[in-house]
There are 2 protein chains.
Amino acid sequence: MKVIQNIKVAVDAVVFGYSDNKLKILLIQQKFGTKSNKWALPGGFVKDNENLEKAVVRELSEETGVKANYLEQLYTFGEINRDERARVIAVSYIALINPKNYTIKADTDAKDAKWFNLNEIPNLAFDHKEIIDKGLERLKAKINYKPIGFELLNTKFPFSDLENLYQTILGKKIDRRNFRKKLLSFDILQETKEVQKIGSGRPAKLFKFNHKKYKELEQKGFHFEIKFV
Amino acid sequence: MKVIQNIKVAVDAVVFGYSDNKLKILLIQQKFGTKSNKWALPGGFVKDNENLEKAVVRELSEETGVKANYLEQLYTFGEINRDERARVIAVSYIALINPKNYTIKADTDAKDAKWFNLNEIPNLAFDHKEIIDKGLERLKAKINYKPIGFELLNTKFPFSDLENLYQTILGKKIDRRNFRKKLLSFDILQETKEVQKIGSGRPAKLFKFNHKKYKELEQKGFHFEIKFV
DNA sequence: TCATTTATGTGTATAATTTACACAAAAATA
DNA sequence: TATTTTTGTGTAAATTATACACATAAATGA
């Protein structure tokens, strides 16, 4: 197989986190190269002996120290001049994590790494802004038909967290009663005996997402789907 | 930028066609390599000076002579041993075309090229079966929320063609009256003055999909969505 | 030519789902 | 102890989805 090709393969991750009722993205500041100092998505070149997913997991770990709860391939970017140094195609992924579970540490390959609010993303290297846009689009669409939002929350969470998460990601108000009714009707949330009392207001019951139950129901043809105008 | 990497980048297309009330896929028979004689998806290596989409378009043209009505990136396959000759990652696409518009001709790089019924796909090279499965899954999901099914039909088509298309792809019966009612309610189908009379039975009015109208409505927030249990 | 076959075209009643909407309860705070 | 803050809950109306059957227009065959 004689192929003349001078293309490199990289992976990049759009890592979403959620805290303080805000959607955040994990970025790194590059250490090397002409883009030094510019912020960018965590990612890097795929090694010959690892598949794409392994490559993302490794890069995430090396550059930021996090391990994703949820990881899904997003899109492959392959414009000729997306990286002016060489022809590089980027296989992108979206990842969901709960920021509370990690202290971000800029590791081997990054000068710095931290969470940015979605509306405070700095100028990014390459086409990484475009990748984020695509990732956000996917996230927005997907929380409506797959129960992946829970991956951004604590294992036990008050209903208000879930409401806020959806409202934040979708960028719109959702009726609290209808939302709760709908989610509970799916029978995939488990009420715990614990309550959360922080600050003022009535203490909130804590719920858990029942992964096992969900898988069972999915098997039987159940389809998670919410839609709020 | 010093990167030691020996990975090649290919594109592959799952080309869907629809005729005789059947969903078909366009395959080529390889001319070269160890997989000679095996059927495979049309596709090939990306050139240094073309982006991914251009590469698919070119390969489709070279190998089968078709030009897709609709082309969308599907998924990138990157397992280490998906091609035993070398490390190759495949950026896959789905394409929709109307088979009536082309006579398939095995061209430069293929020994043969032809349409296969979906239930008569032979053993395929590499992980191409997996790619088809993924493509089919995408198609099944997507015809429910984007009006892409029309790309598989003639410009002017009787309603029964559309019904059959959906029933075939989704693999289930759909109530004719409810289906028609729903589609017409969107106001994106244009009734022509022509009728189609072939064989016995009452002649059918011919409809056109109004791309322009759809784009307008989409702009205003309209969302194509059908769902039949 | 007329009875039969084949495919298209159409409406309505019922069930299910979605939407809109407001006040009581439990705690913290002033 | 009155006020503020947040959680928790039900119902009526509107919309949407579902189930279902017969008339019409042509071709076909007796």
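We use all heavy atoms of the structure for the numbers below, so side chains are in, but hydrogens, waters and symmetry mates are not. Letters A, B, ... mirror the listed sequences (proteins, then strands); counts begin at 1. In this text the structure is predicted, and so the values were computed from the model without any measurement.
The side chain to side chain contact (heavy atoms under 4.5 Å, CB included) check on B/S200 picks up nothing, with sequence neighbours excluded. In terms of the salt bridge (charged side-chain N to carboxylate O under 4.0 Å, His left out) criterion, residue partners of A/K142 (sequence neighbours excluded) are, by chain and number, A/E72. Judged as a side chain to side chain donor-acceptor pair (under 3.5 Å), and not counting sequence neighbours, B/N101 has no contacts. In this structure, A/E163 has no side chain to side chain donor-acceptor pair (under 3.5 Å) partners at least two apart in sequence or on a different chain. Considering only residues two or more places apart in sequence or on other chains, A/K129 meets the side chain to side chain contact (heavy atoms under 4.5 Å, CB included) condition with A/D133. Scored by the side chain to side chain contact (heavy atoms under 4.5 Å, CB included) test, A/P158 finds A/S160, A/D161, A/Q196, A/A204, A/L206 as partners (sequence neighbours excluded). Applying the side chain to side chain contact (heavy atoms under 4.5 Å, CB included) criterion to A/K181, with sequence neighbours excluded, gives A/N178.
Residues of residues 158-167 of chain B that place a heavy atom closer than 4.0 Å to DNA chain C, in numerical order, are B/S160.
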Base contacts versus sugar-phosphate-only contacts with protein, heavy atoms under 4.0 Å: please encode nucleotides 24-30 of chain C as B, S and - from 5' to 3'.
-BBBS--
Contact state string [nucleotides 13-21 of chain C, B base, S sugar-phosphate only, - no protein heavy atom under 4.0 Å]:
-----SBBB
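Counting only residues at least two apart or on different chains, the salt bridge (Lys or Arg N to Asp or Glu O under 4.0 Å) pairs with a member in residues 192-219 of chain B are B/K146-B/E218, B/K156-B/E194, B/D187-B/K213, B/E191-B/K205, B/K215-B/E218.
A/Q219 CD: 12 or fewer foreign heavy atoms inside a 6.0 Å radius.
In the model, B/N98 has no side-chain atom that pairs as donor or acceptor with a side-chain atom of B/N69 under 3.5 Å. Between A/K24 and A/N117, the side chains place a donor N or O and an acceptor N or O closer than 3.5 Å (distance only, hydrogens not considered).
Rounded to an integer number of Å, the gap from B/L183 CG to C/dT10 P is 14 Å. Computed from coordinates, the B/E194 CD to C/dT8 P distance equals 17 Å when rounded to whole Å.
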Run the numbers on A/F224 and A/Y145 for ring pair (Phe, Tyr, Trp, His ring centres under 6.0 Å), then give the verdict.
CA-CA 5 Å; A/F224 180 90; A/Y145 64 91; 9.0 Å; no
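Nucleotides of DNA chain D lying under 4.0 Å from heavy atoms of chain B occupy a range whose first and last members, 5' to 3', are D/dA17 to D/dA27.
Under the ring pair (Phe, Tyr, Trp, His ring centres under 6.0 Å) test applied with B/F150, the options B/Y214, B/F207, B/F209 reduce to a single match, B/F209.
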